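Quick notes on the structure that follows.
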Amino acid sequence: MKTYDILPVTEEIFVHVLDRNISDLSNFKKVLFEEMKKVESQVNNKFVETTSYNVQWKKDVLGLIMEKLWGCEENCMFCSEPCMITDKYHVKEGRPHQCIQHRPKGISGFTYEWNKSLVVNFCNEIIQTEADYVAYDIDEYKGKSRQYKDYRKHYPDWDIQPTHDTSKYWMYVMCTYQQKLTDRYRRKTLPDIPAIWYGITLEEAINSL
């Protein structure tokens with residue numbers, strides 16, 4: 001009661017049981033329960049007319065709920081896949097950003113240096129290679145080559161699991177909309193998509209989500 005100040009009761013209600021030397025536990029329990037009945041009645045009377053329409057919250061409960069439901073707003077710096085963690089402030093608690101799945105990096109506009117076509121590699125795969133990338137989001141490294149496998153040096157708040165799991169959905173998207181993606185990012189060459197990706201059906205793509 002002293003710590004949280006939630007219930008509309010005071011210490012005086014328990015005057016009969018406070019600081020007592022208990023010699024008869026049964027009688028003590030009887031007195032305590034009798035006093036608790038009074039407390040229950042007092043609390044019920046306090047909120048008897050309180051409904052979901054007129055309840056007064058000390059904090060913006062809706063805002064707190066929405067923050068939890070909306071979750072983290074960060075996206076993968078390589079493929080733009082949203083962070084999957086629902087707690088908006090998880091990084092401050094020591095939990096890095098993570099994604100349920102990653103996308104081919106060309107979805108977010110990354111291109112190969114040698115032919116300027118959109119990258120078809122997934123983030124979780126490419127961080128296991130010796131491949132480099134150039135980005136312009138950190139002034140200290142602006143325009144300089146960096147290795148994907150060292151991404152944590154520049155993005156310490158992210159954790160990309162080094163797996164070979166790939167999403168059929170994003171493979172399908174890359175195949176189906178390769179021309180639109182190429183036009184969007186103003187590239188002249190279509191992406192070099194693996195032949196096996198073209199065999200993925202819409203149903204398979206949806207079921208992979």
Side-chain angles (χ1 to χ4, degrees), residues 70-209:
W70 191 260
C72 182
E73 298 178 358
E74 293 297 316
N75 297 78
C76 175
M77 55 282 177
F78 298 134
C79 70
S80 296
E81 176 74 14
C83 175
M84 70 177 186
I85 301 179
T86 56
D87 186 355
K88 190 173 183 179
Y89 304 104
H90 64 91
V91 172
K92 294 181 180 179
E93 298 172 357
R95 292 181 295 155
H97 300 295
Q98 290 183 319
C99 297
I100 294 177
Q101 61 182 10
H102 285 271
R103 313 172 183 180
K105 294 168 65 280
I107 296 290
S108 61
F110 274 75
T111 59
Y112 294 112
E113 184 64 26
W114 60 87
N115 66 358
K116 303 302 180 182
S117 67
L118 297 176
V119 177
V120 298
N121 301 89
F122 287 77
C123 305
N124 48 297
E125 289 187 317
I126 204 167
I127 62 167
Q128 302 177 67
T129 70
E130 300 295 321
D132 295 337
Y133 71 97
V134 178
Y136 301 90
D137 53 345
I138 301 177
D139 290 339
E140 182 181 354
Y141 301 97
K142 192 171 184 178
K144 297 179 181 178
S145 294
R146 294 173 266 176
Q147 287 194 305
Y148 285 103
K149 67 179 183 180
D150 295 328
Y151 74 91
R152 280 196 178 95
K153 292 181 180 179
H154 313 106
Y155 305 101
D157 294 337
W158 275 90
D159 178 24
I160 302 174
Q161 292 298 307
T163 69
H164 292 286
D165 295 333
T166 50
S167 167
K168 288 185 177 181
Y169 175 80
W170 289 111
M171 292 177 183
Y172 178 85
V173 169
M174 196 89 181
C175 291
T176 305
Y177 300 104
Q178 57 180 300
Q179 186 62 61
K180 289 187 177 181
L181 288 168
T182 299
D183 294 342
R184 175 181 180 180
Y185 295 113
R186 299 179 181 178
R187 302 304 173 189
K188 297 180 180 180
T189 306
L190 289 174
D192 186 16
I193 297 175
I196 194 172
W197 290 19
Y198 290 98
I200 299 172
T201 65
L202 176 58
E203 183 179 5
E204 289 176 326
I206 294 175
N207 289 338
S208 72
L209 292 174

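Computed from a prediction, not measured in an experiment: that's the story for all the values here. The figures that follow rest on heavy atoms only: side chains count, while hydrogens, waters and symmetry mates do not.
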- According to the interplanar angle, ranging from 0 to 90°, do the rings of His90 and His97 count as parallel (below 30°), tilted (30 to 60°) or perpendicular (above 60°)? perpendicular

- Message: To the closest 0.5 Å, what do you measure between CH2 (Trp197) and OG1 (Thr166)?
- Response: 7.5 Å

- Note on the structure: For Pro96 and Asp159, the nearest pair of non-hydrogen atoms, with its separation, is CG-CB, 3.7 Å

- Query: Got a second to check how far Gln101's CD is from Ser208's OG, nearest 0.5 Å?
  - Reply: 6.5 Å

- Query: Closest heavy-atom contact between Ser167 and His102?
  - Reply: CB-O, 4.3 Å

- Kindly compute the distance separating CD1 (Ile126) from OH (Tyr133), expressed to the nearest 0.5 Å. 10.5 Å

- Would you find a donor on one side and an acceptor on the other, under 3.5 Å apart, between the side chain of Tyr185 and the backbone of Ile107? yes

- Message: What I'd like to find out is whether the side chain of Pro162 reaches to under 4.5 Å of the side chain of Ile127, using heavy atoms alone.
- Response: yes

- Is it true that a side-chain atom of Ser108 and a backbone atom of Phe78 form a donor plus acceptor pair closer than 3.5 Å? yes

- Can you tell if the side chain of Ser145 reaches within under 4.5 Å of the side chain of Val134, non-hydrogen atoms only? yes

- Task: Answer with yes or no whether the side chains of Asn124 and Thr163 bring together a donor and an acceptor at under 3.5 Å.
- Result: yes

- Item | Atom of Tyr172, atom of Ile200 and distance for their closest heavy-atom approach | CD1-O, 3.4 Å

- Message: Measuring from atom CZ of Arg184 to atom CG of Leu118, what distance do you get when rounded to the nearest 0.5 angstrom?
- Response: 10.5 Å

- Message: Determine whether a donor-acceptor pair (N or O, by modelled atom type, separation under 3.5 Å) exists between the side chain of Tyr112 and the backbone of Pro191.
- Response: no

- Taken to the nearest 0.5 Å, the spacing of Lys149 NZ from Asp132 CG works out to 9.5 Å

